[in-house]
Amino acid sequence: MNIQIEPFVSIIIPLHWGLKPENRERFLDDLKKYLKINYRSFEIILVTEKKVSLPFISKKIRHLVINKPCGPGDKRDFALRYV
């Protein structure tokens, strides 16, 4: 019997939340698509400079807040501490 074990995957999204309204809706639509991935063992980590609220809730999404302005690389490094 061949049993495959799915490794746990963390998808880190460094986000600057100062999005234009049209970009915000696209981002939220794309985020919902991530949640439909045909893979059980994953999480999505959003990293922003300030607390934001999403119009939907999912146990697969974690939101981390880094309390300083920084670029995407610093946000990814910050998130790695919580993986």
Legend entry - Distance in Å, I13 CD1 paired with F27 CZ, rounded so as to fall on 0.5 Å steps: 5.0 Å
Inset, instruction - Provide the closest heavy-atom pair for L64 versus A79 in the form atom of the first, atom of the second, distance. - result: CD1-CA, 3.9 Å
Legend entry - Closest non-hydrogen atom pair between P14 and R76, with its separation: CG-NH1, 3.5 Å
Inset, instruction - Check whether any side-chain heavy atom of F42 sits under 4.5 Å from a side-chain heavy atom of P7, and report yes or no. - result: no
Inset, instruction - Quick one: closest heavy-atom pair of F78 and Y82, and the distance? - result: O-CD1, 3.4 Å
Inset, instruction - Would you give the length of the straight line joining atom CG of L35 to atom NZ of K32, rounded to the nearest 0.5 angstrom? - result: 9.5 Å
Inset, instruction - Go through the structure and list residues passing side chain to side chain donor-acceptor pair (under 3.5 Å) with S58, not counting sequence neighbours. - result: none
Inset, instruction - Hey, could you give me the CG/NZ distance between D74 and K68, rounded to the nearest 0.5 Å? - result: 5.5 Å
Inset, instruction - Step by step, work out the side chain to side chain contact (heavy atoms under 4.5 Å, CB included) result for E43 and F8. - result: CA-CA 8 Å; E43 69 178 343; F8 189 77; 3.6 Å; yes
Inset, instruction - Step by step, work out the side chain to side chain contact (heavy atoms under 4.5 Å, CB included) result for L46 and L31. - result: CA-CA 10 Å; L46 294 177; L31 187 59; 4.3 Å; yes
Inset, instruction - For side-chain hydrogen bond (donor to acceptor under 3.5 Å, both in side chains), just list the numbers for H16 and T48, CA-CA rounded to whole Å, side-chain angles, deciding distance to a tenth of an Å, and then say yes or no. - result: CA-CA 6 Å; H16 175 69; T48 61; over 6 Å; no
Legend entry - Residue pair V52 / H63, side-chain heavy-atom distance below 4.5 Å: yes
Inset, instruction - Please check if I12 and V9 belong to a single hydrophobic cluster, counting links between Ile, Leu, Val, Met, Phe, Trp and Tyr side chain heavy atoms closer than 4.5 Å. - result: no
Legend entry - Pair L15-V47, side chain to side chain contact (heavy atoms under 4.5 Å, CB included): steps then yes or no: CA-CA 6 Å; L15 184 65; V47 185; over 6 Å; no
Legend entry - Same cluster (ILVMFWY, side-chain, under 4.5 Å), V65 and I44: no
Legend entry - Salt-bridge present (K75, E49; N to O < 4.0 Å): yes
Inset, instruction - Using the rule that two of Ile, Leu, Val, Met, Phe, Trp, Tyr join whenever any of their side-chain heavy atoms come within less than 4.5 Å, decide whether V83 and I11 are in one cluster. - result: no
Inset, instruction - Determine, for D30 against R26, whether the closest basic-nitrogen to carboxylate-oxygen distance falls under 4.0 angstrom. - result: yes
Inset, instruction - Working to the nearest 0.5 Å, report the span between CD1 of I61 and OH of Y34. - result: 11.5 Å
